[in-house]
Amino acid sequence: MKKSTNHSNGSFHPISAPDFLPRNQLQDLQLQRLKAIVQRAYDHVALFRKRMEERGLTPEAVQSLDDITQLPFAVKTDLRDTYPFGLFASPMKDIVRLHASTGTTGKPIVVAYTQEDVQVWANVMMRSFAACGLHAGDIIHNAYGYGLFTGGLGAHYGAEALGATVIPISGGNTQRQLTVLKDFGATAICCTPSYFLHIIEQAPELGVNIRELPLRTGVFGAEPWTESMRRRIEAESGIKAYDIYGLSEIIGPGVAMECRCQAGPHIFEDWFYPEIIDTKTGKPCADGEEGELVLTTLGKQAMPMIRYRTRDITALTSEPCDCGRPLRRIKRISRRSDDMIIIRGVNVYPSQIETALLKVEGTLPHYQIILTREKGLDEMEVQVEVTPEVFGDTVGALEQLQGKLCTSLERSMGLRARVRLVQSRTIQRSEGKAKRVIDQRKM
Ligand code: DLL
């Protein structure tokens with residue numbers, strides 16, 4: 001990897017200063033903030049206080065960062081069980097914003113922000129943009145959805161704080177996205193990686209050549225995507241694709257963001273304290289070891305989250321990054337503990353399938369996994385689009401490709417799946433988070 005240290009090559013920007021705080025100073029700050037937030041949650045959030053009391057703990061239990069491991073975990077059902085406002089630590093008069101996430105089942109979850117929280121959020125989003133090389137003068141086309149989803153407004157406030165020009169286009173209406181991209185000359189785009197693929201796919205029809213636009217940076221997140229997907233996006237569009245991570249419960253986008261080294265998102269540890277735990281035992285994992293990401297908000301006033309189990313599976317690394325940021329990085333989040341598909345007893349993740357499919361030439365990065373149950377047995381069909389050239393090929397050539405895909409899938413999953421090659425644009429496109437799995441098995 002090239003040695004272009006943002007910090008030392010003269011291009012360092014004051015906006016990114018907190019990213020470069022030496023670790024000892026960072027840890028002092030974290031401890032000070034951790035103590036304050038634990039106290040706040042204890043004083044104002046009944047569920048947290050109850051759990052602390054059950055363990056015989058008071059906020060004084062936290063005297064060092066390691067003491068965090070004594071504190072109780074929080075989980076998604078806590079938000080559902082206390083719906084809508086049960087976890088708020090601020091009175092409604094101090095809350096300036098609510099967002100909500102619908103999830104796939106049941107009640108939505110609601111999250112809240114004070115004015116100060118909104119500022120912290122804008123700060124981490126601004127630093128996210130700066131980390132991938134954006135600055136005042138950039139034109140940011142923001143195609144994350146505006147509304148209850150945190151993506152749109154989160155990126156919006158960050159872009160404004162950076163001093164960039166923000167185009168608040170939100171998601172959807174792909175034709176209009178392309179016209180605006182062309183006419184307004186955006187230099188960066190924010191949306192889900194799957195939606196960007198859809199945009200570039202539509203471009204030629206509208207006479208837009210993405211490569212000829214000033215667009216050079218993509219800030220992609222809100223759904224799992226793989227390295228193979230990044231390579232496809234970059235090759236097809238000529239832009240640099242960066243991974244941004246976040247979740248509503250913690251703040252929204254801007255919990256972690258890749259720098260220009262594209263070596264995994266750096267966590268903004270001055271505001272979010274990360275741990276990795278073994279999903280089964282809840283015990284801490286060592287540096288570099290995969291497990292569930294647990295996050296503590298170090299400053300969130302309206303809705304503090306202490307040791308929130310994200311269900312996102314990743315590993316933390318303290319290995320130095322070439323950008324010079326001492327902030328630890330997470331490995332690209334390729335799966336969630338709850339998106340695991342169990343097929344005839346074998347555990348499979350959609351991202352495994354994505355990697356196996358995109359390895360094979362002739363495929364397009366659009367696929368869907370259909371699960372059915374036939375005569376009591378689970379069946380998996382993987383539908384994948386292929387290029388028009390391949391689709392027009394001889395039956396023999398198509399069968400050969402199908403065979404290659406079956407082998408690639410079987411190697412990666414240890415399981416046979418049916419592969420169906422479909423014409424390009426057959427699989428439904430998403431304007432937000434892509435739906436990869438359709439489970440038709442009757443439970
Ligand atoms: O998706 C926040 C966000 C908006 C992040 C825009 C990035 C960009 P939720 O709707 O609450 O919030 O969904 C959060 O999405 O727990 C992950 O499972 C997944 N996720 C988010 N970013 C990534 C990413 C927003 N970069 C859930 N890679 C999280 C993989 C991601 N998964």
Side-chain angles (χ1 to χ4, degrees), residues 74-76 79-80 98-104 108-113 121 124-125 128-129 131-132 140-159 170-171 188-196 218-230 233 241-258 262-268 272 274 279 290 292-295 297 303 305 308-315 329-340 349-352 354-355 430-437:
V75 290
K76 192 159 199 142
L79 285 109
R80 297 222 167 98
L98 298 176
H99 280 281
S101 148
T102 42
T104 43
I109 56 152
V110 181
V111 295
Y113 305 75
W121 192 12
V124 287
M125 275 309 296
S128 299
F129 288 133
C132 69
I140 302 182
H141 181 102
N142 185 15
Y144 281 122
Y146 281 64
L148 288 178
F149 177 54
T150 54
L153 283 170
H156 184 104
Y157 276 59
S170 194
I189 183 165
C190 306
C191 59
T192 57
S194 57
Y195 189 46
F196 185 61
V219 180
F220 301 130
E223 65 183 6
W225 55 308
T226 57
E227 265 318 293
S228 333
M229 185 68 93
R230 171 167 20 217
I233 288 176
Y242 296 95
D243 191 12
I244 184 160
Y245 169 75
L247 63 165
S248 319
E249 298 90 312
I250 296 301
I251 204 153
V255 171
M257 171 66 185
E258 277 188 329
Q262 295 180 306
H266 288 275
I267 300 204
F268 293 111
F272 313 110
T279 38
E290 246 189 22
E292 179 177 351
L293 177 65
V294 171
L295 289 166
T297 55
M303 204 173 118
M305 275 290 155
Y308 182 69
R309 291 187 63 157
T310 64
R311 305 189 194 187
D312 291 323
I313 307 294
T314 182
R329 283 168 293 145
I330 44 172
K331 217 173 92 184
R332 170 189 282 288
I333 295 192
S334 59
R335 59 195 174 97
R336 291 174 56 82
S337 57
D338 54 2
D339 72 1
M340 189 172 75
Y349 290 94
S351 59
Q352 251 176 299
E354 179 173 305
T355 305
S430 79
E431 290 168 354
K433 299 178 191 249
K435 185 162 175 51
R436 302 290 189 199
V437 183

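Ligands are counted one by one from 1 in listed order, and the atoms in each one are counted from 1 as well. Side-chain atoms are counted along with the backbone in the values below, which use heavy atoms only and exclude waters and symmetry mates.
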* **Basic-acidic side-chain contact under 4.0 Å: E354, R335** => no
* Asked: With a 4.0 Å cut-off on heavy atoms, does K433 reach ligand 1?
  -> yes
* Examine distances only and state if a side-chain atom of K433 and a backbone atom of T192 form a donor-acceptor pair shorter than 3.5 Å. => no
* Inspect the contact between E249 and R311 and indicate whether a charged nitrogen and a carboxylate oxygen are less than 4.0 angstrom apart. => no
* **Contact check: I244 vs ligand 1, nitrogen or oxygen atoms, below 3.5 angstrom** => yes
* Structure fact -> For R336, the salt bridge (charged side-chain N to carboxylate O under 4.0 Å, His left out) test, sequence neighbours excluded, returns D312, D338
* Asked: Under 3.5 Å between some N or O of ligand 1 and some N or O of S101?
  -> no
* Quick one: are the ring centres of Y157 and W121 less than 6.0 Å apart? -> no
* To do: Answer yes or no: is there a donor N or O on one side and an acceptor on the other, between the side chain of N142 and the main chain of G152, under 3.5 Å?
  => yes
* Shortest protein heavy-atom distance from atom 29 (C) of ligand 1, along with the residue and atom involved -> D312 OD2, 3.3 Å
* Identify the protein heavy atom lying closest to atom 19 (C) of ligand 1, giving its residue, its atom name and the separation to 0.1 Å. => A222 O, 3.8 Å
* Asked: Going by the order shown, which atoms of ligand 1 are within less than 4.0 Å of some heavy atom of S248?
  -> 9 (P), 10 (O), 11 (O), 12 (O)
* **S194 vs S430, side-chain hydrogen bond (donor to acceptor under 3.5 Å, both in side chains): CA-CA, chis, key distance, verdict** => CA-CA 7 Å; S194 57; S430 79; 3.3 Å; yes
* Side-chain donor or acceptor of Y195 paired with backbone N/O of Y144 under 3.5 Å -> no
* To do: Heavy-atom contacts with G221 under 4.0 Å: which atoms of ligand 1 show up? List them by number with element.
  => 7 (C), 8 (C), 26 (N)
* Atoms of ligand 1 close to D243 [distance to a heavy atom under 4.0 angstrom, numbered from 1] -> 24 (C), 26 (N)
* Ligand-side contact atoms (ligand 1) for residue partner P224, heavy atom cut-off under 4.0 Å -> 30 (C), 32 (N)
* From H99, M257, E258, E223 - option closest to atom 32 (N) of ligand 1 by heavy atom -> E223
* To do: Go through ligand 1 atom by atom and flag the ones less than 4.0 Å from a non-hydrogen atom of I333.
  => 28 (N), 30 (C)
